[in-house]
Amino acid sequence: MDVLYHSTRSEGLAVTASEAILKGLSEDGGLFVPDHIPALDKSLKELSGLSYQETAYEVMKLFLTDFTKEELKDCIQKAYDEKFDTDEIAPLVEAEGAYYLELFHGPTIAFKDMALSILPHLLTASARKNHIQNDIVILTATSGDTGKAALAGFAGVEGTRIIVFYPKNGVSPIQEKQMVTQKGDNTLVVGIHGNFDDAQTGVKKIFGDKALAAEMEQKGFQFSSANSINIGRLVPQICYYVYAYAKLLKEGKIAEGEPINVAVPTGNFGNILAAFYAKNMGLPIGKLICASNENKVLYDFFSTGVYDRNREFVLTSSPSMDILISSNLERLIYRIAGSDAKKTKELMAALGGQGKYEITDDMKAQLSDFYGNFAGEEETALTIAKIYRDCGYVLDTHTAVAAAVYGKYKAETKDETKTVIASTASPFKFTRSVMNAIDPKYDAMDDFALADALSQIANVEVPKAIQEIRTAPVVHDKQCDVDQMQNVVREFLKL
């Protein structure tokens, strides 16, 4: 049965998967959601015998139903190849009573590579399928990791341009260096004077500008998105939860059908939403443990049913989670509202206006799959230090937030269900925070000396992504105020 996609904000016509991927965001400002979540059509035992690439095909074919077998397999083979530093693509490592799903073995050492390695191929295939002649302009906001992963995916891809906006003082030095050294005539990186929410709001505003869209169409351009608002980002993320379960089954760590819990460090809500979709496909997942840092808007939402972004924005050592508007939550809101687009639109209008909304008791009752909590800066650092001290395994700051929250969950519930923790970034991406947590003596070192020291204590090679930027020249030094973002786009496209 084909899967079609609707906007979360209107009862308009359904579109195919390739059309949804091309558009990125619906014209009414809503996000595309599947008209139904398909069930896995292979048994868990069958899935346990598959490679990562084969697993990805079995999951993605169910959502991207207007792609041929050949098109989809071609996209998958181009995405998950030698650019990953392990044949497994997403290894599972057991440490401290949990299973860490390492999603950082791609070219930019963060989980965003898992989806952004395939998105350019899905987009170009979608353009061919829909007879699009325009160049696709990828417009994206990043809190640190999406930017470089998208740049790496789209650099040099014919028929595409990519513009990345990031908060100038809101990412780690390594994250910034990765972005501003990106080569490629079709790439532009811009630091904005504001935070990630400002960047994301600015990008959405540009997407919604009908006059600009018409002007671009005349010049042979159209926008799409590489943010997790694009369904072409979300679907590939479902695959690694299915793969993780199958791997545990293959290794005899669980019995077929035995439930597992999943803990995810959460910012824009895409990564944990993918786990929710996997659960609804029939994967035996018990609790979805949603871990926040001090920007705990999601924890408060799960606790009270009120989503309120009217609060201080905190810069933390886990910057990819420094978000107060979790865009992908809209997809969950639509689902628990009974696929009521009018209700979803009302709630999103309230968020855009008063900066808050409250869900009904009926909607709140449907959130029982989720457990929310948060970890402060000190707790995060203590978690990194403890796990390193106890077993020699080094976590990045984001994964440490999830590990700390998982500890709170176990203490509260006494639930001993085997748990997979999404390890979303390499510790080499946040060396200063990680090494300071292990021992403050490291603080005097520069970022690259810290990488060498981390390599020694963790007995892991410095990743290629870090080696490459040691001496790479800065290519992008543009900065702008939030209200100048559209002008920057116009200038880059020569409109």
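Positions are given from 1 along the sequence.
- Surrounding CD of Glu346 are more than 12 heavy atoms belonging to other residues, nucleotides or ligands, all under 6.0 Å away.
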May I have the step-by-step check of salt bridge (charged side-chain N to carboxylate O under 4.0 Å, His left out) for Glu11 and Lys342, ending in yes or no?
CA-CA 8 Å; Glu11 307 290 349; Lys342 186 177 176 208; over 6 Å; no
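- Under the 3.5 Å distance criterion, the side-chain polar atoms of Gln222 are left unmatched by any main-chain donor or acceptor of Asn134.
- Summarising the geometry of Thr146 relative to Leu116, their closest heavy-atom pair is O-CD1, 3.6 Å, with the distance given to 0.1 Å.
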Stepwise side chain to side chain contact (heavy atoms under 4.5 Å, CB included) test for Asn271 and Thr424:
CA-CA 9 Å; Asn271 205 2; Thr424 53; 3.6 Å; yes
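- Side chains of Leu493 and Arg161 form a contact here, defined as non-hydrogen atoms less than 4.5 Å apart.
- In Lys204, the NZ atom is crowded: over 12 heavy atoms of neighbouring residues, nucleotides or ligands sit closer than 6.0 Å.
- Between Glu58 and Lys61 there is a salt bridge, with a side-chain nitrogen of the basic residue lying less than 4.0 Å from a carboxylate oxygen of the acidic one.
- The residues Lys129 and Glu19 are annotated as not salt-bridged, no charged nitrogen and carboxylate oxygen being separated by less than 4.0 angstrom.
- When all heavy atoms of Val475 and Thr181 are compared, the closest pair comes out as CG2-O, 3.9 Å.
- In this structure, Asn268 contributes its side chain and Ser327 its backbone to a donor-acceptor pair below 3.5 Å.
- Considering only heavy atoms from C-beta on, Asn295 stays 4.5 Å or farther from Ile323 through its side chain.
- When atom types are taken as modelled, the side chain of Asp113 and the backbone of Ala149 share no donor-acceptor pair closer than 3.5 angstrom.
- Gln200 places a side-chain N or O within donor-acceptor distance of the main-chain N or O of Ile325, the cut-off being under 3.5 Å.
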I'd like to know whether Cys75 forms a side chain to side chain contact (heavy atoms under 4.5 Å, CB included) with Ile118, so could you lay out the CA-CA distance, the side-chain angles of the two residues, the decisive distance to 0.1 Å, and finally the verdict.
CA-CA 6 Å; Cys75 290; Ile118 195 167; 4.1 Å; yes
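- Electrostatic pairing of Asp145 and Lys429 counts as a salt bridge here, judged by a charged N lying under 4.0 Å from a carboxylate O.
- Inter-residue side-chain proximity for Tyr307 and Leu351 is flagged as met; some heavy-atom pair is nearer than 4.5 Å.
- In this structure, Phe165 and Thr140 have side chains that are not in contact, with every pair of non-hydrogen atoms separated by 4.5 Å or more.
- A donor-acceptor distance shorter than 3.5 angstrom exists from the side chain of Thr316 to the backbone of Ser318, with no hydrogens or angles considered.
- Side-chain contact check for Asn310 and Asp308: at least one donor-acceptor pair (N or O, by modelled atom type) lies under 3.5 Å.
- Checking side-chain atoms of Thr344 against main-chain N and O of Asp340 turns up a donor-acceptor pair under 3.5 Å.
- By the neighbour-count criterion of 12 heavy atoms within 6.0 Å, atom NZ of Lys23 is sparsely surrounded, having that number or fewer from other residues, nucleotides or ligands.
- Interatomic distance, His193 NE2 to Gln484 CD, rounded to the nearest 0.5 Å: 11.0 Å.
- Of the possible donor and acceptor atoms, one in the side chain of Thr160 sits under 3.5 Å from a partner among the backbone N and O of Val157.
- The cationic group of Lys73 lies under 6.0 Å from the six-membered ring centre of Tyr57 and within 45° of the ring axis, placing it in a cation-pi geometry.
- Side chains of Ser18 and Asn130: a donor-acceptor N/O pair is present below 3.5 angstrom, by distance only.
- Classification of Glu217 and Lys210 as a salt-bridged pair fails, no side-chain N sitting under 4.0 Å from a carboxylate O.
- Between Tyr357 and Phe301, the two ring planes are perpendicular [angle over 60°; tilted spans 30° to 60°].
- Taking a cutoff of 4.0 Å between a charged side-chain nitrogen and a carboxylate oxygen, Lys83 and Asp81 qualify as a salt bridge.
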With side chain to side chain donor-acceptor pair (under 3.5 Å) as the criterion, how do Asp28 and Ser26 come out once you've worked through the C-alpha distance, each side chain's angles and the decisive distance to 0.1 Å?
CA-CA 5 Å; Asp28 57 21; Ser26 174; 3.0 Å; yes
Carefully, step by step, assess Ile289 and Val264 under the rule side chain to side chain contact (heavy atoms under 4.5 Å, CB included).
CA-CA 6 Å; Ile289 299 166; Val264 186; over 6 Å; no
If you apply the rule side chain to side chain contact (heavy atoms under 4.5 Å, CB included), what do you find for Ile37 with Arg335, and how did you get there?
CA-CA 11 Å; Ile37 295 180; Arg335 185 175 175 86; 3.5 Å; yes
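- Residues Val59 and Cys239 form a side-chain contact, since some pair of their non-hydrogen atoms from C-beta on lies under 4.5 Å apart.
- Side chain to side chain, Asp198 and Thr201 fail the donor-acceptor criterion of an N or O pair below 3.5 Å.
- With ring centers used as reference points, Tyr80 lies under 6.0 Å from Phe84.
- Remark: side-chain polar atoms of Thr266 are not paired, donor with acceptor, to backbone N or O of Phe269 under 3.5 angstrom.
- For Leu315, the side-chain contact (heavy atoms from CB on, under 4.5 Å) criterion is met by Phe313, Asp322, not counting sequence neighbours.
- In terms of heavy-atom proximity, Glu312 sits nearest to Leu324 at O-CD1, 4.3 Å.
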Under the criterion side chain to side chain donor-acceptor pair (under 3.5 Å), I'd like the reasoning laid out for Gln175 against Lys148: C-alpha separation, chi angles, the key distance, then a yes or no.
CA-CA 8 Å; Gln175 285 177 314; Lys148 175 58 182 180; over 6 Å; no
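- Using a 4.5 Å heavy-atom cutoff, the side chains of Val405 and Tyr371 are in contact.
- Between Asp209 and Lys205 there is no salt bridge, since no side-chain nitrogen of the basic residue lies less than 4.0 Å from a carboxylate oxygen of the acidic one.
- In this structure, Phe370 and Phe302 have parallel ring planes: the angle between them is below the 30° cut-off, well short of the 60° mark.
- Counting only heavy atoms from C-beta outward, the side chains of Pro319 and Ser143 never approach each other to under 4.5 Å.
- Remark: Ser224 OG to Leu139 CG distance equals 10.0 Å, nearest 0.5 Å.
- One finds no salt bridge joining Glu215 and Lys219 here, because no Lys/Arg side-chain nitrogen approaches an Asp/Glu carboxylate oxygen to under 4.0 Å.
- Residues Leu103 and Ala90 share a closest heavy-atom pair of CD2-CB, 4.0 Å.
- In terms of modelled atom types and a separation under 3.5 Å, the side chain of Thr142 and the main chain of Gly147 share a donor-acceptor contact.
- Heavy atoms only, all atoms of each residue included: Ser228 and Arg331 are closest at O-NH1, 3.2 Å.
- For Phe430 and His398, the ring centers are positioned less than 6.0 Å apart.
- The pair Asp369-Lys279 meets the salt-bridge criterion, since a charged nitrogen lies less than 4.0 angstrom from a carboxylate oxygen.
- In this structure a side-chain-to-backbone donor-acceptor pair under 3.5 Å is missing from Ser117 to Met114.
- Under the 4.0 Å criterion applied to side-chain N and carboxylate O atoms, Glu330 and Arg9 are assigned as salt-bridge partners.
- Between Thr55 and Tyr240 there is no side-chain heavy-atom pair separated by less than 4.5 Å.
- Taking every heavy atom of both residues into account, Ser7 and Tyr334 meet most closely at O-CE1, 4.1 Å.
- Under the 4.0 Å criterion applied to side-chain N and carboxylate O atoms, Arg311 and Asp300 are assigned as salt-bridge partners.
- Summarising the local packing, NZ of Lys356 is surrounded by 12 or fewer heavy atoms from other residues, nucleotides or ligands at distances under 6.0 Å.
- For the atom pair CZ of Phe111 and CG of Leu101, the computed distance is 11.5 Å after rounding to the nearest 0.5 Å.
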